[in-house]
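Scope of the values below: all heavy atoms of this structure, side chains included, with no hydrogens, waters or symmetry mates. When a ligand or atom number is given, it counts from 1 through the structure's own listing order.
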Amino acid sequence: MKIVTPEQMRQLDANTMNSGIPGEELMLTAGEGLASAIRTLASNHQLIDSPVLFVAGCGNNGGDAFVAAHGLHEDGWPVECWLACPESKLKGDALIHFKKMKKAGVPFQALETSEHWAHASACGTDAEIVIDGLLGTGAFGELRGVIADAIAFVDAQADRALVVAVDVPSAMAVRADLTVTMGLPKVESVQSENVDFVGNLEVVDIGIPVEFIEEADGDSELEFIHPSDLAPLFPRRPRDAHKGFFGHVLCIGGSKGFSGAITMASRAACRSGAGLVSAFVPEAIHALVAPGVPEVMVHSCMPEGQWTAIMAGPGMGRSATTREQVLHLLETSKVPVVLDADAITVLADHVAAIAAARCPVVLTPHPGEFAALFGLKVADVQADRFGMAKMAADKLGAMIVLKGAGTLVASSGRPVAVNMTGNPGMASGGSGDVLAGIIAGLAGQGIPPFEAACAAVWLHGRAADLAAAEKAQASLIAPDLVEKLSEAFRSISCR
Ligand SMILES: NC(=O)C1=CN([C@@H]2O[C@H](COP(=O)(O)OP(=O)(O)OC[C@H]3O[C@@H](n4cnc5c(N)ncnc54)[C@H](OP(=O)(O)O)[C@@H]3O)[C@@H](O)[C@H]2O)[C@@H](O)CC1
Ligand SMILES: Nc1ncnc2c1ncn2[C@@H]1O[C@H](COP(=O)(O)OP(=O)(O)O)[C@@H](O)[C@H]1O
Ligand SMILES: [K+]
């Protein structure tokens, strides 16, 4: 999906209104989309009917919040709206929707001075979901008046409640769990330095005509991984399909003491729709791996097979044997090869072998593995994630999945794709192994490797978000991601 600047979005909104859709209606669609996202968030977190506080500014960003507050109030939720300006400052579409909200009986109060906000901060709120509708794409210059106080108040709620930003986190100074953006994602929201403010990023279709979007310039170097782009990758399975339709994936990895990594990776490949999955593990751990994954054919000698994708690395160890095996794969494979973890690190002095491979290669480094591969410092990688991913893809002729919040997928000659699903609960051992298995599972059933990597990072993050909502980020473990993959798939496919 295209990513735009605030100016480009304003132009798209204006063109849409000129084409006959009134601003009031656009705002209604935006606000309804926001309400729907809040309902889903609350439902996933078992917070249905919990108090929701809307904090609104005097512009159209506040207008979206009024529509959503009104909608949830009609559903019977305990909703309240705090206005960070006098009522008399509201105008246009926002005023229209404010009046409707007020008429419907949504409790509201105007907090017009810093003293009001100091009092609000001292008293706090019992709301478990707080909505930031203070500033959107119309923000400019230094923060003026009480908006700074209101922003500080909302940001402080992030320490105890779920925070949802409307369109963009206000002045990029509110730490949101979820940003519900209108129309198209905005450039600032996908920049690496802002991941802690934006949280997950969801897009509301506000009815901008497709031809206007196609004509818009947008960012030519970046694209946003959106479920609507992924759905076509998973067409209806023919009724008479059999396992041979969906490929045979080989997963190589594991070593003494590290049997879990390959177990999780190969199970993730199965859960991603591969027809058959085989694993090749050292003899020493065969008896540990095999019973854990009855759906996988586990071998302790290199098996023969008509592989459609090969994945190597999880738990493999950084030995000379690993290096030899990985170099052999790169030299001989004709099918997509996904390299993760140790299979990446052992190539530090052999990057030329990646460039020389004749098969599609997908590398899934976390910033540490990326730094090790190129002899860089992790801080330098993180300081320019976009540039680094692009550089690696150009240099190695491989697809690079640079992991971490705001995972990037880069391939030479095309825009870098950015993913905004996932959460810090994934910062625990094994999460990456699951991702490598998903990519291989998807590539193995014939999805082109770049698209497979994009779909995999989205599904992986989505599974983690569903799991965290149910079990809490702190107690998330990698097998939860595999378990929640089914539900993640449901978000892009009804079957
Ligand atoms: N019809 C549409 O186009 C659609 C728009 N949509 C929604 O509208 C949003 C854009 O709305 P917008 O243009 O009204 O701007 P918005 O972000 O609400 O802020 C403007 C207000 O903030 C104030 N302000 C600004 N900077 C400030 C600062 N530094 N410090 C303090 N105050 C500051 C400024 O006050 P001023 O000081 O200028 O009086 C002004 O009143 C967009 O993000 C989306 O959510 C959707 O509904 C889809 C349809
Ligand atoms: N804060 C975070 N936000 C989003 N995703 C995260 C976060 N922390 C980790 N992840 C994801 O979890 C996975 C961790 O992978 P990795 O570091 O290789 O773990 P392991 O080696 O233990 O399997 C990656 O896909 C990464 O993008
Ligand atoms: K906002």
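Of the possible polar contacts, none joining the D149 side chain to the W117 backbone as a donor-acceptor pair under 3.5 Å is found. Within the 3.5 Å criterion, the main-chain N or O of M426 finds a donor-acceptor partner in the side chain of S431. Using modelled atom types, no side-chain atom of N44 and backbone atom of E470 make a donor-acceptor pair closer than 3.5 Å. Under the 3.5 Å distance criterion, the side-chain polar atoms of E369 are matched with a main-chain donor or acceptor of H366.
Counting protein heavy atoms only, atom 1 (N) of ligand 1 is closest to M17 CE, 3.4 Å. Looking from atom 10 (N) of ligand 2 to the surrounding protein, the closest heavy atom is M426 CB, 3.6 Å. Annotation: atom 48 (C) of ligand 1 to nearest protein heavy atom, I206 CD1, 3.9 Å. The shortest contact between atom 13 (C) of ligand 2 and any protein heavy atom is with S431 CB, 3.5 Å. The nearest protein atom to atom 1 (N) of ligand 2, hydrogens excluded, is given as P424 CA, 3.4 Å; this is a heavy-atom distance. Remark: minimum distance from atom 22 (O) of ligand 2 to any protein heavy atom is reached at G430 N, 2.7 Å. Among all non-hydrogen protein atoms, the one lying nearest atom 23 (O) of ligand 2 is G432 N, 2.7 Å. In this structure, the protein non-hydrogen atom closest to atom 26 (C) of ligand 2 is G404 N, 3.5 Å. For atom 7 (C) of ligand 2, the closest non-hydrogen atom on the protein side is N423 O, 3.8 Å. With respect to atom 25 (O) of ligand 2, the closest heavy atom belonging to the protein is H460 CE1, 3.1 Å.
Contact analysis leaves R10 out of contact with ligand 1, as no non-hydrogen atom separation drops below 4.0 angstrom. Taking a 4.0 Å cut-off on heavy atoms, M9 fails to register as neighbouring ligand 1. Using a 4.0 angstrom heavy-atom cutoff, G145 does not count as in contact with ligand 1.
Backbone and side-chain nitrogen or oxygen atoms of T407 are examined, and one is located within less than 3.5 angstrom of a nitrogen or oxygen of ligand 2. Every N/O-N/O distance between I147 and ligand 1 stays at or above 3.5 Å.
The pair K100-E24 meets the salt-bridge criterion, since a charged nitrogen lies less than 4.0 angstrom from a carboxylate oxygen.
Counting heavy atoms under 4.0 Å from ligand 2, residue H366 touches it through the side chain alone. Using a 4.0 Å cut-off between heavy atoms, E369 makes no contact with ligand 2 at all.
Taking every non-hydrogen atom of G429 and a distance limit under 4.0 Å, the qualifying atoms of ligand 2 come out as 22 (O).
Applying the side chain to side chain donor-acceptor pair (under 3.5 Å) rule to pairs touching residues 87-97 yields E87-K102, sequence neighbours excluded.
Taking the K ion (ligand 3) as reference, the nearest N/O/S atom within D132 carries the name O.
For atom 19 (O) of ligand 2, a protein heavy-atom neighbour is present inside the 4.0 Å cut-off.
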